[in-house]
Amino acid sequence: MTINLLNRKFFERETIVVAKEMIGKKLVRLFRTDSTIIKLAGIIVETEAYGYLDDKASHAFKGMNSRNRYMFGDVGYSYVYFTYGNHYCFNVSAHTKTKDAGAVLIRAIEPILGINMMIKNRKKIDILNLTSGPGKMTKALAIDKKDNGIDITDSNSTIYLEDTIVSNVVLSTKRIGIEMDKDKYWRFIYAEKDRGKIVINRYVSRKKENTKFLE
DNA sequence: CTACCGATTATCT
DNA sequence: GATAATCGGTAGT
């Protein structure tokens with residue numbers, strides 16, 4: 001069986017385009033021990049794009065430092081940072097070759113594999129709140145600083161993204177929790193059409209934000 | 001149901 | 001010394 005991973009080229013495009021197209025793809029998290037492999041997985045239902053000189057809200061805006069270094073250079077690498085004294089956020093670097101930095105924050109997934117382990121990691125049993133936010137998701141998947149700078153396009157990595165067929169709807173909204181460049185519609189969420197009505201995926205955080213329809 | 005607010009600490013300047 | 005791409009609890013409607 002061959003698994004189709006998102007490859008380097010996928011991430012070597014405009015950060016906003018990559019953020020939008022990551023919606024509906026599968027995020028896989030592996031734990032390898034001597035004799036077993038534990039696999040956690042979910043469908044990406046919420047992302048945000050963070051740019052470079054075009055985006056005052058981006059960690060990369062003021063230039064490279066030891067924290068944000070993986071937003072720069074080669075694309076398809078994880079950028080994991082710690083914030084608010086408690087939480088980790090998980091990004092994948094993505095930008096065109098001519099632009100030097102940019103990344104996509106994965107804010108929420110719909111759990112599809114290893115839900116029991118996610119419940120253990122989160123110490124919460126409420127399925128709808130297991131992974132519906134960037135800090136909740138990293139905790140459910142046990143992602144932290146040790147996962148910074150790993151190659152997401154390599155199937156030997158402990159985190160990678162699988163390609164999927166995406167036929168549902170993607171909406172955009174303003175980004176969450178920032179003070180600068182608030183008006184960019186660079187947040188993307190998963191939705192589907194149900195008898196003509198647009199229904200936002202249940203695992204998306206803050207579903208009441210004003211949305212724009214894409215295409 | 002929505003809105004506000006305090007916790008907590010690595011990292012930046 | 002100040003900040004922060006959040007969360008969860010509590011108060012209010």
Side-chain angles (χ1 to χ4, degrees), chain A residues 11 14-20 22-23 27 42 44-72 75 77-95 99-109 111 118-149 152 159 161 171-190 199-200 202-211:
Chain A
F11 299 102
E14 286 294 337
T15 311
I16 305 167
V17 173
V18 176
K20 180 190 162 190
M22 278 170 62
I23 296 293
L27 174 64
I44 297 171
V45 298
E46 179 177 350
T47 62
E48 282 178 3
Y50 285 90
Y52 182 28
L53 301 175
D54 55 343
D55 182 11
K56 289 199 271 300
S58 174
H59 289 172
F61 181 73
K62 291 179 180 170
M64 188 164 72
N65 55 43
S66 58
R67 178 178 66 161
N68 68 17
R69 52 185 286 210
Y70 291 110
M71 289 186 77
F72 291 77
V75 297
Y77 285 82
S78 62
Y79 165 42
V80 179
Y81 68 87
F82 183 82
T83 192
Y84 289 104
N86 269 310
H87 312 289
Y88 292 94
C89 290
F90 177 79
N91 304 249
V92 180
S93 61
H95 51 86
K99 200 166 146 186
D100 290 328
V104 177
L105 170 68
I106 302 182
R107 290 187 51 90
I109 61 172
M118 294 186 200
I119 288 172
K120 267 190 204 164
N121 292 340
R122 285 271 289 133
K123 300 181 174 67
K124 306 263 178 190
I125 198 155
D126 179 5
I127 305 290
L128 285 176
N129 284 312
L130 264 190
T131 55
S132 57
K136 299 178 194 176
M137 189 199 78
T138 53
K139 192 164 186 193
L141 300 180
I143 290 172
D144 61 28
K145 201 168 156 41
K146 72 182 178 311
D147 302 300
N148 192 27
I152 294 305
I159 306 173
L161 299 178
L171 309 179
S172 74
T173 81
K174 295 179 182 180
R175 295 175 293 182
I176 308 291
I178 55 170
E179 291 302 319
M180 310 290 287
D181 271 325
K182 282 181 170 178
D183 292 334
K184 288 179 160 72
Y185 277 73
W186 286 10
R187 172 174 178 252
F188 301 94
I189 60 179
Y190 208 23
V199 181
I200 296 174
R202 296 192 299 287
Y203 298 89
V204 169
S205 73
R206 300 182 57 164
K207 289 180 270 296
K208 75 163 199 87
E209 298 290 318
N210 287 329
T211 59

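All values below come from the heavy atoms of this structure, side chains included, with hydrogens, waters and symmetry mates left out. Letters A, B, ... mirror the listed sequences (proteins, then strands); counts begin at 1.
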Item to check | Spacing of A:Met180 atom CE relative to C:dT3 atom P, expressed in whole Å | outcome: 13 Å

Checklist entry - Base, sugar-phosphate, or nothing: which does A:Met71 touch, judged by heavy atoms less than 4.0 Å apart? => result base

Checklist outcome for this item: Answer for the Watson-Crick or wobble partner of C:dT6, both distances under 3.5 Å, is B:dA7

Checklist entry - NZ of A:Lys56 versus P of C:dA5: gap in Å, rounded? => result 15 Å

Next on the checklist: Could you tell me how far apart A:Arg107 (CZ) and C:dA4 (C1') are, to the nearest whole angstrom?
Outcome noted: 14 Å

Checklist entry - What is the nucleic acid contact for A:Leu105, judged by heavy atoms within less than 4.0 Å: base, sugar-phosphate only, or nothing? => result base

Next on the checklist: Using whole Å, what does the distance between atom C1' of nucleotide C:dA5 and atom CG of A:Asp183 come to?
Outcome noted: 16 Å

Checklist entry - Which atom pair, heavy atoms only, marks the closest approach of A:Lys139 to A:Asn121? => result O-CB, 3.2 Å

Item to check | Those residues that, when tested against A:Tyr70, pass ring pair (Phe, Tyr, Trp, His ring centres under 6.0 Å) (two or more places apart) | outcome: none

Item to check | Length of the CD-P vector between A:Glu179 and C:dA5, whole Å | outcome: 9 Å

Next on the checklist: Please report the distance, rounded to the nearest Å, between CG in A:Asn121 and P in C:dC7.
Outcome noted: 15 Å

Item to check | Within the 6.0 Å centroid threshold, strictly below: A:Phe72 and A:Tyr52 | outcome: yes

Checklist entry - Hey, does the side chain of A:Arg206 come within less than 4.0 Å of B:dT2's phosphate (OP1/OP2), counting only N and O? => result no

Next on the checklist: Ring of A:Tyr50, cation from A:Arg175 - is the NZ or CZ under 6.0 Å from the centre and inside 45° of the axis?
Outcome noted: yes

Checklist entry - Between atom CD in A:Glu209 and atom P in B:dT2, what is the gap in whole Å? => result 11 Å

Next on the checklist: Tell me the interatomic distance from A:Arg175, atom CZ, to C:dT6, atom P, rounded to whole angstroms.
Outcome noted: 11 Å

Next on the checklist: So for atom CG, which belongs to A:Asn210, do other residues, nucleotides or ligands contribute more than 12 heavy atoms lying within a distance under 6.0 Å?
Outcome noted: no

Item to check | Per-nucleotide protein contact string for nucleotides 3-13 of chain B (B base, S sugar-phosphate only, - none; heavy atom under 4.0 Å) | outcome: S----BBSSS-

Checklist entry - Would A:Tyr50 count as stacked on C:dA5 if the rule is ring centres under 5.5 Å and plane angle under 30°? => result yes

Item to check | A:Arg122 atom CZ: more than 12 heavy-atom contacts under 6.0 Å | outcome: yes

Checklist outcome for this item: Under a 4.0 Å heavy-atom criterion, the protein footprint on nucleotides 8-13 of chain C, written with B, S and -, is SS----

Checklist entry - Salt bridge between A:Lys174 and A:Glu209, side-chain N to carboxylate O under 4.0 Å? => result no

Next on the checklist: Are more than 12 heavy atoms, taken from residues, nucleotides or ligands other than A:Leu128, located less than 6.0 Å from that residue's CG atom?
Outcome noted: yes

Next on the checklist: So which atom in A:Thr83 and which in A:Cys89 form the shortest heavy-atom distance, rounded to 0.1 Å?
Outcome noted: CG2-SG, 4.3 Å

